[in-house]
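Below is one structure; the comments refer to it alone.
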Amino acid sequence: MQPYLELASPSCLASTTIPLSAGKLYRTANLLVTSEAMASSMTYIAACAAALATFVALLRWAYRWSHPKCRGRLPPGSMGIPLLGETMQFFAPNPSCDVSPFVKERVKRYGSIFKTSIVGRQVVVSADPDMNYFVFQQEGKLFESWYPDTFTEIFGRDNVGSLHGFMYKYLKTLVLRLYGQENLKAVLLAETDAACRGSLASWAAQPSVELKEGLSTMIFDLTAKKLIGYEPSKSSESLRKNFVAFIRGLISFPVNIPGTAYHECMEGRKKAMKVLKGMMKERMADPERRCEDFFDHVIQELRREKPLLTETIALDLMFVLLFASFETTALALTLGVKLLTENPKVVDALREEHDAIAKNRKDPDAPVTWAEYRSMTFTNQVIMEMVRLANIVPGIFRKALQDVEIKGYTIPAGWGVMVCPPAVHLNPDIYEDPLAFNPWRWQGKPEITGGTKHFMAFGGGLRFCVGTDLSRVLMATFIHSLVTKYSWRTVKGGNIVRTPGLGFPDGFHIQLFPRN
């Protein structure tokens with residue numbers, strides 16, 4: 001019994017239960033550690049699985065980006081980095097008149113039709129004359145006018161370039177009241193001639209003039225007066241300055257941050273639109289006002305019982321016309337004078353033509369007449385060569401309305417198409433020694449009155465530029481006054497850069513001398 005009693009005693013019980021409790025605690029601790037380790041492992045595995053799933057999803061997304069779906073055969077090419085695409089390469093500076101490296105390298109690698117992605121959009125680029133012509137001719141059927149988001153944000157979502165069908169034709173007819181040949185003959189020719197004479201005389205009195213700035217001011221003051229009755233001497237702010245950065249920002253990446261080209265454009269738009277809205281409000285409130293400029297005609301259209309125009313479309317139209325009427329012509333003429341400076345034989349031939357015109361007048365200082373303008377055969381060849389080399393517009397954009405089969409490739413519905421005029425204008429198979437300034441290459445060729453397969457400096461198809469005739473008149477009257485009355489020399493600058501639009505980063509300063 002005693003051993004039993006000893007086992008049953010408290011001391012014995014204590015001595016036997018302590019090791020049992022420790023074992024349980026040990027096992028419990030082991031279980032807790034194991035559970036924590038397992039939980040930690042499960043979390044790690046879950047994190048790895050999530051990371052792997054994300055990585056796979058990104059890979060699939062990147063693959064889909066670089067290999068977009070198509071029911072047929074896409075043109076060759078690269079879509080670049082997801083979202084960014086090949087935007088940076090597209091905007092890389094090019095300090096020459098040659099085709100941009102972006103297009104040139106890809107044409108060499110892939111051929112004259114290739115795919116890419118610019119500012120977040122899938123685009124087929126065409127350097128092929130036949131395809132370009134086809135795209136222009138099929139507007140409204142297989143393609144429609146389209147530009148990157150930056151263009152529509154800057155010029156307005158109801159700008160003339162974004163309108164289609166009847167509304168576009170209606171606006172084009174409206175604009176031709178101002179820029180058509182009848183008004184050119186009756187009014188604009190004399191006014192452009194006077195503006196060129198006055199500006200050149202003013203510049204000749206200065207030690208030098210920055211030509212691009214001078215031409216921009218001259219043409220803007222002339223056209224803004226016709227469009228909105230703008231008088232720079234009566235305005236507290238230079239309206240033109242709001243348009244200065246537009247060439248750089250039109251096809252830029254849409255990042256609205258101070259310092260970017262896009263931001264500068266948007267700020268310029270806000271200021272210019274504020275001026276135009278103020279003018280519209282004032283004129284709409286005055287029903288007795290007479291028609292003195294193009295804006296007044298637009299206001300009349302808005303006052304119709306059932307107007308086709310809206311105030312938004314009208315304002316966007318005026319905004320586009322103000323920009324388009326001066327900047328492109330000023331750039332082409334600036335490059336043109338630079339080319340004339342480098343090619344004195346062309347200047348001699350121009351002087352021969354224009355001196356003969358002046359000698360046939362009763363008054364050598366009389367304004368240019370329409371018959372004289374139409375007789376400027378060699379001058380027209382010079383202008384054609386200037387705009388061929390200037391290539392102010394690096395790309396003309398359209399959008400496929402449905403899957404389009406062409407040249408063995410498929411352009412999917414919704415994709416953009418960028419027609420590339422420089423690649424045609426500088427193609428050695430079309431133009432011999434294409435980078436040479438040679439106006440005689442146009443000798444004996446019929447006058448081009450619209451876009452063709454091999455010449456599209458003013459666009460093509462339904463959207464052939466309505467300001468083409470005015471631009472040619474401006475260039476011809478400026479050349480007439482320049483070569484008959486002045487000689488000139490380069491003071492500094494003249495270097496060009498394309499990003500992708502044409503620019504003169506250090507200006508082009510010339511000094512004018514009265515010609516003996």
Side-chain angles (χ1 to χ4, degrees), residues 188-226 230-235 238-241 243-244 247 325-344 346-348 350-351 353-355 357-358 364-368 372-373 376 379 382-383 386-387 390 392 437 470-496 502-516:
L188 291 179
L189 175 63
E191 291 182 351
T192 56
D193 184 57
C196 292
R197 288 168 182 253
S199 294
L200 283 163
S202 172
W203 300 344
Q206 302 171 28
S208 70
V209 62
E210 201 289 284
L211 190 59
K212 166 59 174 55
E213 177 71 14
L215 285 167
S216 293
T217 301
M218 178 192 81
I219 300 172
F220 184 84
D221 290 350
L222 171 68
T223 55
K225 183 175 175 65
K226 303 302 296 181
Y230 177 72
E231 296 279 0
S233 59
K234 297 178 183 178
S235 176
S238 173
L239 184 59
R240 185 185 67 82
K241 288 184 178 177
F243 293 89
V244 167
I247 284 288
S325 62
F326 85 97
E327 185 69 2
T328 53
T329 305
L331 282 165
L333 256 180
T334 302
L335 181 64
V337 174
K338 172 180 160 63
L339 293 168
L340 290 177
T341 308
E342 296 166 353
N343 294 271
V346 179
V347 177
D348 291 341
L350 281 170
R351 282 190 171 137
E353 179 169 86
H354 289 275
D355 285 346
I357 290 172
D365 292 324
V368 173
E372 288 173 347
Y373 164 67
M376 298 176 182
T379 304
V382 169
I383 291 170
M386 284 179 177
V387 295
I392 302 301
F437 181 58
L470 174 62
S471 180
R472 284 175 166 168
V473 164
L474 269 165
M475 296 178 79
T477 51
F478 181 82
I479 289 170
H480 176 76
S481 291
L482 177 66
V483 301
T484 55
K485 296 188 177 296
Y486 302 96
S487 297
W488 68 94
R489 72 177 183 89
T490 301
V491 175
K492 63 177 180 178
N495 297 319
I496 71 168
L502 174 64
F504 294 82
D506 50 358
F508 181 45
H509 301 257
I510 64 170
Q511 184 178 14
L512 290 165
F513 307 95
R515 184 181 166 208
N516 293 329

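Position 1 is the first residue of the sequence; numbering continues from there.
Considering E213, K212, K492, E210 as possible partners of F508, the one that fulfils the side-chain contact (heavy atoms from CB on, under 4.5 Å) test is E210.
Checking side-chain atoms of R197 against main-chain N and O of S481 turns up no donor-acceptor pair under 3.5 Å.
Taken to the nearest 0.5 Å, the CE atom of M386 stands 13.5 Å off from the CZ atom of R472. Atoms CG and CG, from D355 and D348 in turn, are 10.5 Å apart once rounded to the nearest 0.5 Å. Expressed to the nearest 0.5 Å, how far NZ of K338 lies from CG of L333 amounts to 15.0 Å. Here the straight-line distance linking atom CG of L474 with atom CG of L470 works out to 4.5 Å at 0.5 Å rounding. Taking OG1 of T223 as the start and NZ of K226 as the end, the distance is 11.0 Å to the nearest 0.5 Å. Residue R489 holds its CZ atom at 11.5 Å from OG1 of T341, rounded to the nearest 0.5 Å.
In plain terms, the two heavy atoms of T477 and C196 that are nearest each other are OG1-SG, 3.7 Å. Between L502 and L331, the shortest heavy-atom distance links the atoms O-CD2, 3.6 Å. N343 and F437 get closest at one heavy-atom pair: ND2-CD2, 3.5 Å. The minimum heavy-atom distance between V491 and S208, with the atom names listed, is CG2-CB, 3.9 Å. Listed here is the closest heavy atom pair of F504 and L335: CZ-N, 3.8 Å. In terms of heavy-atom proximity, M218 sits nearest to A195 at SD-O, 3.7 Å.
V337 places a side-chain heavy atom less than 4.5 Å from the side chain of F478. Within the 4.5 Å cutoff, side-chain heavy atoms of R351 are placed close to those of R515. Counting heavy atoms from C-beta on, the side chains of E327 and S216 come closer than 4.5 Å. Inter-residue side-chain proximity for W488 and L200 is flagged as unmet; no heavy-atom pair is nearer than 4.5 Å. Within the 4.5 Å cutoff, the side chain of M475 has heavy atoms near those of the V387 side chain. L350 places none of its side-chain heavy atoms less than 4.5 Å from the side chain of L482. Put simply, the side chain of L211 reaches to within 4.5 Å of the side chain of W203, judged on heavy atoms. Looking at T490 and E342, their side chains never come closer than 4.5 Å, going by heavy atoms from C-beta outward.
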Apply the test side-chain contact (heavy atoms from CB on, under 4.5 Å) to residues M376 and I479: give CA-CA distance (whole Å), side-chain angles for both, the deciding distance (0.1 Å), then the verdict. CA-CA 11 Å; M376 298 176 182; I479 289 170; over 6 Å; no
Would you check, one step at a time, whether the test side-chain contact (heavy atoms from CB on, under 4.5 Å) holds for T379 with H480? CA-CA 9 Å; T379 304; H480 176 76; over 6 Å; no
